[in-house]
Amino acid sequence: MKKRYLSSLMLSLLVGAASAQTTPAPAAPNPIQSGPGSYGGTVSGMDLMDVDLMFIGAHPDDDGGVGGILARYLLDGGYKGTVVTLTGGEGGGNATGRETGRALGLIREEEERRSLAMLGVNSPHFLGLRDFYFTLSAEETLAKWGGPAFVCDVVRLVRLRRPEVIVTMWPGPGTHGQHQMAARAATLAYATAGDPATCPEQLKEGLQVFTPLKLYYYPNSAEDATVKIPTDDVSRTARIRYSDLKNIAQFNYRSQGWDTFSTLPAKTSNPESFMLVASRVPTPAQETSLMGGALTASGSSPAGVKLEVQPAAYDIGAGQAAPVTVKLTNTTGKDMTGVTLALNSPDGWKVSAAPAARTLKPGESASATFQVTAPANAAAQRSEVTGSYRAAQEGQSITGRAGNFVRPLPAVVATFAPTFDVAAYQDFARQTGTDWVIGSLPTRLALALGQKTPVNVTVTNRSKAAVNGKVDLKMPAGVTLSGDTAYQLAAGQSKTLTFQMEAVAAALPAGRQSALLPVSLSTGNFTDTANAYILPTLTIPRLSKAPVIDGDLGDMSAGADGQIGPEDLWWRTKPDNAADASAKFKLGYDDTYLYVGMNVKDELVACNIAPDDIKAQLRSDAIGVTVDPGGDSKDTGTTMQAAAFPCTTDGFGARGFRDADANQGVMEETAPGMQVASKKVDGGYDIEFRLPWAAMPKVPKPGDTIGLNLVMYDGDQADARVGANISQSGLAWASFSWGGKQALPYLWPRVTLGK
């Protein structure tokens, strides 16, 4: 089956499973029963499982962003919590030993148990999904995990453990693909665990549906954070700062090298930041606690009272009335009298009249659908609409507020066509009602230097009349545009315009081989932005004589030239200068092999990797060569990621392997015919690679353009422990933020095989 959108598959599992049931599942029995037993008929198994807070992540140590709140709420606040980890983390590195695969996964699970126990979590869960090589692809993750069935495993735990508050990771592109899938599963569980039509077979297990009240993400950027919980105050239970307690707990993650930077006292005490994505309860305009409204009162509104603000759609027409429903449910045991509902909108907007007051008995709900109209010239940006209620209960006035977002759009809207991964996330967000979050995720444009790249722009006429005009595109210096920007659209029509963009060397900042630059387009008062990734290009020669792979670069002189410098940083600390970390390289090929030769400048070459521990180049001084032989891979599963340490604990002499692709391991087993060699030279080392085309997923031919990146790892620690992770700096020929240099093939340099 063709997998067009990830979210459609996940939702089809949940909805399709429900539609396949011809009769409703029987209601679950009351779990509290009288009779013999160790609980004397007063406590059920479900009571043992009940928690207030649940964190859902992909790997052991993904809870690194919630250590402070776990300690605050569980150790000191009297709440209960749990952590759900989808994999054992066996795809990661091992800074403490040689264990890999499931053995490493068991070690990492134990590390997490010990860490979480110090923070008040005594019963975490591991779903046992496969943690494979590093990927930034949610789609690849879904395929490796066997499709979306695992979502029901997450739903089961939500129904069993009944958390009012769920915290998870960022679900969109820009982070690990398994992080994305963990967050999407958490989002689906939040949205559907209370629906008996979701994973209905679980009701036969005696489970009852459960509806969480709040959902938080790790924010995609600092600007996205809606609540920040401090860590610089002192835990009354542990009698040290929360940041210190968090560091002590995370010292357990030794296999990932966390013990090397988890100091006591903590060097920093930064707050933990979260983004409130969805809520079914009143929340203040500025939250100070994740528990507010769900487990504690929100102002004068009693804990657990439900108040939801539900726009019919996130995008609304400027100058056109759009429905927004405010719904209140009395979850208390007492009448709420004189109940009124209201909706507030930004200044200058219009909102229809509110309904008359009424009384709500326990368990009853009231809702009102307001017609909201933004001005015709309203800015096309995320805008908050705030629902509120007022009532009396036993003579006391109570009130609460809750917010949601809409975006008023003008008649004509033009947007950059997103890359496949951004498009898939946008679709997921729309289907789960979290599309207001998308705004922090611009699409990506990969522009190869000196080459014209087609860029698609979709123009939509949302009005009832024909329109015409021009799209206004703003290019950074060094990027030019060609193509007709005019549009003519009938009422309700959309068209795709294709332009040609070309970047030249003038677009690059000083000292860099690649760049990330903002691009924007506008139609009237609507603007869309994108990130233009400027990629190096090179035509490499077909060598008439194969170089000898011996660490001597003299016979690579016919290769094409390139370089990497300190400004080409993607990871951690910028090198002091070119002598600290930089490289000049040569590239060439023949019918059988791809050849890479590099002269690496490195004042201190670390040789702390044992010869029988050759894996995970990130740990020490190493060189990586990432090759997309087809030039069109969407993930690293169809690439070759070769790497080599220039030396080992036995001395100088390169050792090669593959890492973070679909065939990891030492080169003798994963890439027959691959050779590497290195030689210590003044100021650093020379290193050579011979990579067999036959070991790659596809064999290119002369004239083809492939993706190829060169990645440097530098760790300047003279007394490094054997096998330790001493990664200090990462440079790359095309160097973008974390992960992009190795795990997004469409952001690798474009290399043409000369004829």
Side-chain angles (χ1 to χ4, degrees), residues 191 276-285 293 298 301 305-330 336-360 364-391 398-413 415 426 429-439 460-467 489 491-494 523-527:
L276 179 62
V277 176
S279 176
R280 297 183 170 100
V281 293
T283 55
S298 176
S301 182
V305 167
K306 291 185 178 180
L307 181 65
E308 298 177 78
V309 181
Q310 302 169 326
Y314 171 58
D315 287 332
I316 64 175
Q320 301 175 15
V324 177
T325 299
V326 178
K327 182 179 180 181
L328 172 70
T329 302
N330 181 4
M336 298 172 68
T337 60
V339 175
T340 59
L341 301 177
L343 184 71
N344 294 321
S345 60
D347 291 342
W349 293 35
K350 296 179 181 179
V351 178
S352 61
R358 57 168 295 185
T359 295
L360 287 183
E364 288 186 340
S365 298
S367 65
T369 298
F370 297 86
Q371 297 298 320
V372 177
T373 306
N377 61 349
Q381 62 188 21
R382 186 172 73 194
S383 304
E384 187 173 23
V385 288
T386 305
S388 62
Y389 82 90
R390 292 186 179 277
I398 58 175
T399 184
R401 54 85 66 196
N404 210 323
F405 299 93
V406 295
R407 181 175 64 161
L409 296 180
V412 180
V413 172
T415 57
Q426 289 176 344
R430 291 187 187 103
Q431 293 190 51
T432 54
T434 58
D435 42 343
W436 65 270
V437 177
I438 296 172
T460 301
N461 178 13
R462 298 170 54 90
S463 74
K464 298 179 180 179
V467 296
L489 300 171
Q493 185 182 16
S494 290
T523 50
N525 65 345
F526 181 85
T527 299

N/O donor-acceptor pairs under 3.5 Å from side chains in residues 313-323, not counting sequence neighbours:
residue : atom : partner : partner atom : Å
Asp315  : OD1  : Arg407  : NE           : 2.8
Asp315  : OD1  : Arg407  : NH2          : 3.2
Asp315  : OD2  : Arg407  : NH2          : 3.3

Set of salt bridge (Lys or Arg N to Asp or Glu O under 4.0 Å) partners for Arg462, sequence neighbours left out: none
Separation between OG of Ser352 and CG of Leu343, rounded to the nearest 0.5 Å: 8.0 Å
Minimum heavy-atom distance Val305-Val281, with the two atoms named: O-CG1, 3.4 Å
Under 3.5 Å donor-acceptor, Ser383 side chain and Gln381 backbone: yes
Closest contact, heavy atoms only, Phe405 versus Pro311: O-CG, 3.8 Å
Atom of Thr329, atom of Ser365 and distance for their closest heavy-atom approach: OG1-OG, 2.7 Å
Heavy-atom closest contact (Val406 atom, Pro408 atom, distance): O-CD, 4.0 Å
Audit row: Leu328, Val339, side chain to side chain contact (heavy atoms under 4.5 Å, CB included) steps and yes/no: CA-CA 9 Å; Leu328 172 70; Val339 175; 3.5 Å; yes
Exam field: side chain Arg401 to backbone Thr283, donor-acceptor pair closer than 3.5 Å: yes
Smallest separation among heavy atoms of Pro375 and Trp349, with atom names: CD-CD1, 3.3 Å
Arg390 side chain near Thr340 side chain, heavy-atom distance below 4.5 Å: yes
Test item: side-chain donor near acceptor, Thr359 and Thr337, under 3.5 Å: no
Check: Gly293 main-chain N/O paired with Ser298 side-chain donor or acceptor under 3.5 Å: no
Shortest non-hydrogen contact between Thr460 and Leu489, atoms and distance: C-CD1, 4.0 Å
Inter-residue atom distance Ser345.OG - Glu384.CD, 0.5 Å rounding: 11.0 Å
CA sep, side-chain torsions, deciding dist, call: Val326, Tyr389, side chain to side chain contact (heavy atoms under 4.5 Å, CB included): CA-CA 9 Å; Val326 178; Tyr389 82 90; over 6 Å; no
Pro282 backbone acceptor or donor facing Ser301 side chain under 3.5 Å: no
Sub-4.5 Å side-chain heavy-atom contact between Val324 and Val309: yes
CG on Asn330 to CD on Glu364, rounded to 0.5 Å: 8.0 Å
